[in-house]
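Below: the structure, in structure tokens.
Reckoned from all heavy atoms, side chains included, excluding hydrogens, waters and symmetry mates. As the structure lists them, so they are numbered: ligands from 1, and atoms in each ligand from 1.
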Amino acid sequence: MTTLGIDLGTSNSLVAYWNEDKAVLIPNVFGDVLTPSVVGIDDNGEFLIGKIAKERLTTHPDKTAAVFKRFMGTEKNYYLGEHRFSATDLSSFVLKALKEDAEKFLGETCTEAVISVPAYFNNTQRKATVDAAFLAGLKVERLISEPTAAAIAYGIHEQNDTTIMVIDIGGGTFDVSILEMFDGVMQVIAIAGNNYLGGEDFTTVIIETFLNATGLKKERLTTKDFASLYRQAEDAKQVVSENGVGKIVLAENEFTLTVDQFEQISQPLILKLREPIIQALKDAQLKPADIEQIVLIGGATKMPIIKSFASKFLGKIPFMHINPDETVGLGAAVQAALKERHESLEEFILTDVCAHTLGVDSVRQISNSKYQEGVFTPIIERNTTIPVSQMKEFYTIYDNQNTVKLSVYQGESSNVKDNLKLGELEIKLPPNTNKDAKIETRFTYDKNGLLEILVKIVSTGEVKQLIIQKNPGVLSDSELKGQLEKLSDLKIHPRDRSENRLLLARADRIYQTSLGETRQYIEFLMLEFQKAIESQNEKSIQIQSKNLKEKLADLEGLGWD
Ligand code: ADP
Ligand code: MG
């Protein structure tokens, strides 16, 4: 039986399968491979999915729902007439339509699928996607991150270690991901984006330019006229993207859009693409030159201004020889085929990364007697690979301090009041505690959204624990205990972990038996490894440890010891 590859998109969805030696997209009843992710109900109470529903979006807004992917896994309700649906329900209707198209095309029943989801989807959103598939009669063999699927479609999983950036501009979302192929595992190492920037915004500026040029007022247009204007603006956008001249005619008003004019009115939107790209590079601690390959996906990247922006900004010509709105669906089908052959690419998904910074409320001493309250001190930085455990030391701020209140926050602002408070812990200090008494705070975080906070008063050794769950009640008490046990290894500082101590001891042994330049070289290697250890960043430790091992093996092989 064929396992389907599905891109369940915010604007458009696709289904593909593996046919002998390549991924192939499956057309719907209209012969299109893109099915708009829009659901509606007609006057007879019949469901409409895809193109027809999309056409009724402006004319029947109360009976049509779109862009529901934004609210996957939330309680939000959508009303179609008197029927009430969740985003999961609506997604299941789209998936069911794709499944039926595939079954008709392939002439067999299909019950299994690989479905792509945004890299930043958390466990709740991923679970909602699996539930939607279940409601549609599909078992999810695997969820795959959209950027990973795109990379697979380009065969990047067949390359050795490489670093790539995937730029995805869909209908209403802009996602930048940096991926690393390392030791046969694809890892999303950073993501950034703008959830409210996409191809639709370019259509909107065309509509605004038309209204300005003609003096027409949006509020005065009939629903039908607006629907026609929207459709023409959308067409004009695609025509200028292919180097033609766009044309909009509404009543006796005629308007033409040239490539130059489109470029000019799009500038403010193009400028907004920069910041998330810079952010992703910064989080991954990379320079533009470190990105070896760029992949453009999402229908909106078909606009030549996007490609030329990306090339100029990053100094490299991006790949986009696969149709950018089809890349993710094709990649999902490749993963489905790999899975059937038991070779599927292992992926470090973004639930393997902490999406927001976690830290505590602290007081900062500005001068001898001046303190600033409400300062956010990060303990686990965003985009850190998880599971992770990090420790920071804090100190009492005055003599005879009797308690320490630790408030836990999530967010990126240096000011705690702009961040989200997750919980708090109060610890009694022993009598006569002086200023500058040391308190160790350890945060341990895993991919189920389980955050364990341990606070240790160093003078007495007393430890207090606080557990914060992202989705309380998801884990039973025994599961929670099991999970915490699994993490216990991590709570040992990497410098105390036996494998790291052994490696350093080995390096030191070779150092002792070497002389001169070799010694300096080994010293340098050890220093790099120790720096990684002190950063407590598992990924850097892994890289530096591999490097040190290789170099030591070389030295030993050359008979240095
Ligand atoms: P999503 O990932 O949100 O489901 P898609 O990747 O299908 O979205 O992208 C949809 C967006 O791409 C729409 O805004 C659409 O107007 C735009 N788009 C599709 N084809 C073109 C084209 N030839 N030129 C410009 N924009 C296009
Ligand atoms: Mg998409």
Side-chain angles (χ1 to χ4, degrees), residues 5-16 25 28 32-39 50-51 53-55 57 66-72 87 90-91 94-95 98 115-121 129 143-151 153 166-177 191 193-207 230-246 257 259 262-263 265-266 269-270 273 295-309 320 322-332:
I6 295 179
D7 169 6
L8 182 61
T10 311
S11 321
N12 294 298
S13 295
L14 298 92
V15 55
L25 294 162
N28 59 26
D32 304 328
V33 292
L34 292 186
T35 297
S37 307
V38 184
V39 177
K51 197 167 167 175
K54 188 181 173 187
E55 272 165 18
L57 202 53
V67 286
F68 35 84
K69 181 172 169 181
R70 285 193 201 285
F71 292 95
M72 276 305 258
L90 296 169
S91 302
V94 175
L95 288 170
L98 297 176
I115 302 181
S116 59
V117 290
Y120 56 80
F121 257 27
T129 308
L143 293 175
I144 181 172
S145 300
E146 288 163 7
T148 303
V166 178
I167 296 177
D168 179 357
I169 313 178
T173 52
F174 167 43
D175 297 311
V176 183
S177 324
I191 58 150
N194 183 338
N195 241 329
Y196 291 90
L197 180 62
E200 286 299 310
D201 297 289
F202 290 82
T203 310
T204 305
V205 290
I206 296 176
I207 294 176
Y230 175 83
R231 208 169 311 124
Q232 294 186 65
E234 182 70 32
D235 286 347
K237 177 176 78 177
Q238 307 211 2
V239 170
V240 288
S241 294
E242 279 145 31
N243 231 344
V245 175
L257 180 71
V259 176
F262 180 59
E263 261 181 35
I265 61 175
S266 304
L269 294 173
I270 297 289
L273 299 174
V295 171
L296 290 188
I297 59 168
T301 60
K302 287 191 219 169
M303 294 183 283
I305 38 173
I306 305 281
K307 186 173 183 179
S308 64
F309 157 78
M320 54 182 319
I322 300 177
N323 209 346
D325 44 18
E326 299 173 354
T327 319
V328 171
L330 289 169

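Polar contact check, Ala300 against ligand 1: a nitrogen or oxygen pair lies under 3.5 Å apart. Remark: ligand 1 and Asp168 share no N or O pair separated by less than 3.5 Å (distance only, no angle test). On a distance-only criterion, Asp325 and ligand 1 share no N/O pair closer than 3.5 Å. Considering backbone and side-chain atoms alike, Thr173 places every N or O at 3.5 Å or more from each N or O of ligand 1. In terms of N/O distances under 3.5 Å, ligand 1 is not approached by Thr203.
At the shortest separation from atom 7 (O) of ligand 1 among protein heavy atoms lies Asn12 ND2, 2.7 Å. The protein heavy-atom contact nearest to atom 9 (O) of ligand 1 is Gly299 N, 3.2 Å. Nearest protein neighbour of atom 24 (N) of ligand 1, counting heavy atoms only, is Ser241 OG, 3.5 Å. Annotation: atom 26 (N) of ligand 1 to nearest protein heavy atom, Lys237 CE, 3.5 Å. The protein atom (non-hydrogen) at minimum distance from atom 25 (C) of ligand 1 is Met303 CG, 3.5 Å. Taking atom 10 (C) of ligand 1 as the reference point, the nearest protein heavy-atom neighbour is Gly171 N, 3.6 Å. What sits closest to atom 2 (O) of ligand 1 on the protein, heavy atoms only, is Gly170 CA, 3.9 Å. From the protein, the heavy atom lying nearest to atom 3 (O) of ligand 1 is Ser11 OG, 2.8 Å.
Counting all heavy atoms, side chain and backbone alike, Ile191 lies closest to Ala119 at CG2-CB, 4.0 Å. Closest heavy-atom contact between Val240 and Leu257: CG1-O, 3.3 Å.
Remark: side-chain polar atoms of Lys302 are not paired, donor with acceptor, to backbone N or O of Gln238 under 3.5 angstrom. Put simply, the side chain of Thr327 gets close to the backbone of Asn323: a donor and an acceptor are under 3.5 Å apart. Checking side-chain atoms of Thr173 against main-chain N and O of Gly170 turns up no donor-acceptor pair under 3.5 Å. In this structure, the side chain of Arg231 does not engage the main chain of Glu55 through any donor-acceptor pair within 3.5 Å.
For the residue pair Glu146/Tyr120, the side-chain donor-acceptor check at 3.5 Å is not satisfied. Judged by distance alone, the side chains of Ser13 and Thr35 never bring a donor and an acceptor atom under 3.5 Å apart.
With a 4.5 Å cut-off on side-chain heavy atoms, Ile265 and Phe202 do not count as touching. The shortest distance between side-chain heavy atoms of Lys69 and Pro118 falls below 4.5 Å.
Using a 4.0 Å cut-off to heavy atoms of Gly298, the atoms of ligand 1 that qualify are 6 (O). Within ligand 1, counting atoms from 1 as listed, the ones closer than 4.0 Å to a heavy atom of Glu200 are 14 (O). Atoms of ligand 1 lying under 4.0 Å from at least one heavy atom of Gly199, given by number and element, are 14 (O). Listed by number with element, the atoms of ligand 1 under 4.0 Å from a non-hydrogen atom of Gly9 are 4 (O).
Salt bridge annotation for Lys237-Glu234: present, with a cationic side-chain nitrogen under 4.0 angstrom from a carboxylate oxygen.
Among Lys69, Glu234, Lys302, the residue whose heavy atom lies nearest to atom 20 (N) of ligand 1 is Lys302.
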